[in-house]
Amino acid sequence: MKPISNQLKQHHHLNPISLHVPGHHYGTIGHLNLKLKNDITEITGMDDYHHPDGIIKNSEALLYKEGYFSKFLVSGTTVGILSSIMGSVGYDDKKVAIMRNAHKSVFNALELCGKGAYTLPMKTSKKTGVFSEMDLDCIKVNDLKEIGIVVITYPNYFGECFDIERVISFFHQHDILVIVDEAHGAHFNISDQFPDSATKFDADIVIQSYHKTLPALTMSSVVHIRDDYPFKDNVLHYLTMLQSSSPSYLLMEGLESAHQFYLNYNDELFFERRSELIKVLKVQFGVIEVEDPLKLMIYHTDYKGTELQQILETQHIYTELSNENFVLFVLPLWHEGDAYLFDDLIHRLSVIKLEKSDVKHFESLYVGPGELLSVNVMNAKWLNVDRCIGYVVAQHIIPYPPGIPVVLKGEKINGDHIECIHHLMQLGIHIQGIVDGRIKVFKNIDEN
Ligand SMILES: Cc1ncc(COP(=O)(O)O)c(C=O)c1O
């Protein structure tokens, strides 16, 4: 019995085409070509990931960005976020400010530190209906005095960017340290047609998931920490505590190769193919383009995004995610000599014939900002979704992907939340935090 390996075999038997992470797209991008014989350990001639002074140190040095110390991560951006927050808080009473579309690792870090958070006022994107950027003009000056660190999600999952230079300098002017979750922007600045990375504007820490958009193995990320970051040693200490003591050389070899790919990339074929793809898509679908050219969203007025995703899967085209409104494509960084089935993709898209009728409305799935309270996990119980209004949620409720909570642990649940949860359930979207139609909530004071 080999359930995982059987399913993987079956999947590849379908000759699938990937429009999702990881960025090597079934090994068709970037000549990753990793060999099992290279999965070795700290023997003579190799190095120690946690205290590198040989080949790993030399390879990490190639990540160089002016003013930063950069390190490979073998447990994803997740561990970069956990370590950056855990290593930087607890030295004063100052709060951590977060965006409402923060990844769950941000909330997990806060929970591990026993810290609450200040949720920044947000703007919702008119294009995608999801949280896109913070609303700097609505932050109260008095609140800023209480904040020591801000964690910024840039770009959002859907490739939407904002003026990151302005945001970083705004917080720096108020003596607030800036950590940027750039999980979806490892390819930024790969050419001048892609958005800028926050490392260009002196963010204090920037963490990038190389595996999401560059050709690296899943779990491979990079953290850039400013040389003068006051808690640099603490962050590195947490990275050592929270990652495996035996990181695989395959992950590090993949990171090294992905970085060379990044340095040498020529975007000509990418933009040629992207234009061709958009042309073919527009015959039948609406196409939303955002600041990051690597992300496209397709929609159709007669279909939900979840339905479109299923239709694409009938042609064995697999996409990153879908919601009520659209399907998200993560495009490959196409290049001369890649092995991506591009002609096949174009052919399979042209075979699809849409025929449906009932009209849907384009609407936001995300509930507005709420206050995140600091709460303890004791005294919780499971309640049916429909009976939860007025209770404080004891576990984040997270559609996955994208992994961004729609209700935060500590938020009081309201009718909008319930409507949103029902909506997600009806769409068949996988939701972490809901088990058998029930949600974990804190008991009210008068309950036992
Ligand atoms: C915004 C954001 N931050 C962080 C992460 C975690 O990244 P990783 O998968 O590299 O641990 C994700 C993962 O999807 C994400 O979407």
Side-chain angles (χ1 to χ4, degrees), residues 20-24 70-86 96 98-110 112 117 119-120 122 125 128 130-134 150-162 164 178-188 195 197-198 203 205-224 238-239 242-244 247-248 251-252 254-255 258-259 290-292 294-295 297 319-323 328-330 366 396 398-406 408 429-432:
H20 56 81
V21 304
H24 59 71
S70 303
K71 181 151 191 63
F72 295 148
L73 301 176
V74 292
S75 221
T77 292
T78 299
V79 82
I81 291 174
L82 289 173
S83 304
S84 300
I85 296 177
M86 293 173 75
V96 180
I98 59 168
M99 289 169 69
R100 185 57 185 76
N101 60 352
H103 183 253
K104 59 182 180 170
S105 53
V106 174
F107 300 105
N108 290 341
L110 292 170
L112 286 165
T119 45
L120 293 159
M122 296 287 292
S125 158
T128 58
V130 302
F131 290 127
S132 52
E133 62 180 299
M134 68 185 80
V150 62
V151 184
I152 299 175
T153 316
Y154 168 87
N156 71 3
Y157 205 113
F158 306 91
E160 292 177 287
C161 297
F162 47 86
I164 186 70
V178 178
I179 299 174
V180 180
D181 171 1
E182 211 171 82
H184 296 277
H187 60 295
F188 281 10
S197 162
I205 301 186
V206 181
I207 312 143
Q208 304 175 314
S209 296
Y210 265 44
H211 64 100
K212 288 192 193 295
T213 54
L214 295 170
L217 281 187
T218 300
M219 301 203 300
S220 313
S221 286
V222 166
V223 61
H224 306 279
Y238 274 96
L239 283 175
L242 296 175
Q243 295 184 98
S244 167
S248 169
L251 290 165
M252 292 185 275
L255 274 159
H259 192 65
V290 290
E291 287 82 0
D292 181 1
L294 209 64
K295 303 281 172 88
M297 275 135 286
T319 56
E320 178 68 9
L321 63 77
S322 63
N323 65 18
L328 172 64
F329 288 3
V330 180
Y366 288 79
H396 304 308
I398 312 174
Y400 200 89
I404 293 155
V406 289
L408 300 175
I429 288 172
H430 174 64
I431 312 174
Q432 296 174 345

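Computed from a predicted structure; not experimentally measured. Remember, it's 1-based here, ligands and their atoms both numbered in the order they're listed. All values below come from the heavy atoms of this structure, side chains included, with hydrogens, waters and symmetry mates left out.
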Any donor-acceptor pair under 3.5 Å from [X] side chain to [Y] backbone:
X	Y	answer
Glu291	Phe162	no
Ser221	Thr77	yes
Gln243	Val74	yes

For Ser197, which residues count as a side-chain hydrogen bond (donor to acceptor under 3.5 Å, both in side chains) partner, sequence neighbours excluded?
Glu182, Thr199
Taking only residues two or more places apart in sequence or in another chain, which ones pass side-chain hydrogen bond (donor to acceptor under 3.5 Å, both in side chains) with Gln432?
Lys104
Between Ser125 and Glu160, a side-chain donor and acceptor under 3.5 Å
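Side-chain D/A pair, Ser125 to Glu160: present.
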Does a side chain donor of either Asp292 or His187 reach within less than 3.5 Å of an acceptor in the other side chain?
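Note: Asp292 and His187 side chains meet the donor-acceptor criterion.
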What residue and heavy atom of the protein are closest to atom 12 (C) of ligand 1, and at what distance?
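Of the protein heavy atoms, His103 CD2, 3.3 Å lies nearest.
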Nearest-contact summary for atom 3 (N) of ligand 1 - protein heavy atom, Å:
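Answer, as residue, atom name and distance: Asp181 OD2, 2.5 Å.
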Heavy atoms only: which of Met99, Lys104, His184 lies closest to atom 15 (C) of ligand 1?
His184
Given that the side chain starts at C-beta and the backbone is N, CA, C, O, which of these parts of Thr77 lies under 4.0 Å from ligand 1, counting heavy atoms, or is it both or neither?
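Within the 4.0 Å criterion, Thr77 contacts ligand 1 through backbone and side-chain atoms alike.
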Heavy atoms only, cut-off 4.0 Å: how does Met219 contact ligand 1, side chain, backbone, both, or neither?
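For Met219, no heavy atom sits under 4.0 Å from ligand 1.
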What atoms of ligand 1 come closer than 4.0 angstrom to any heavy atom of [X]?
X	answer
His211	8 (P), 9 (O), 10 (O)
Ser221	10 (O)
Gly76	10 (O), 11 (O)

Between ligand 1 and [X], is the shortest N or O to N or O distance under 3.5 Å?
X	result
Thr78	yes
Ser209	yes
Ser75	no
Lys212	yes

Which atom of Phe188 lies closest to which atom of Pro155, heavy atoms considered:
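That would be CZ-CG, 3.5 Å.
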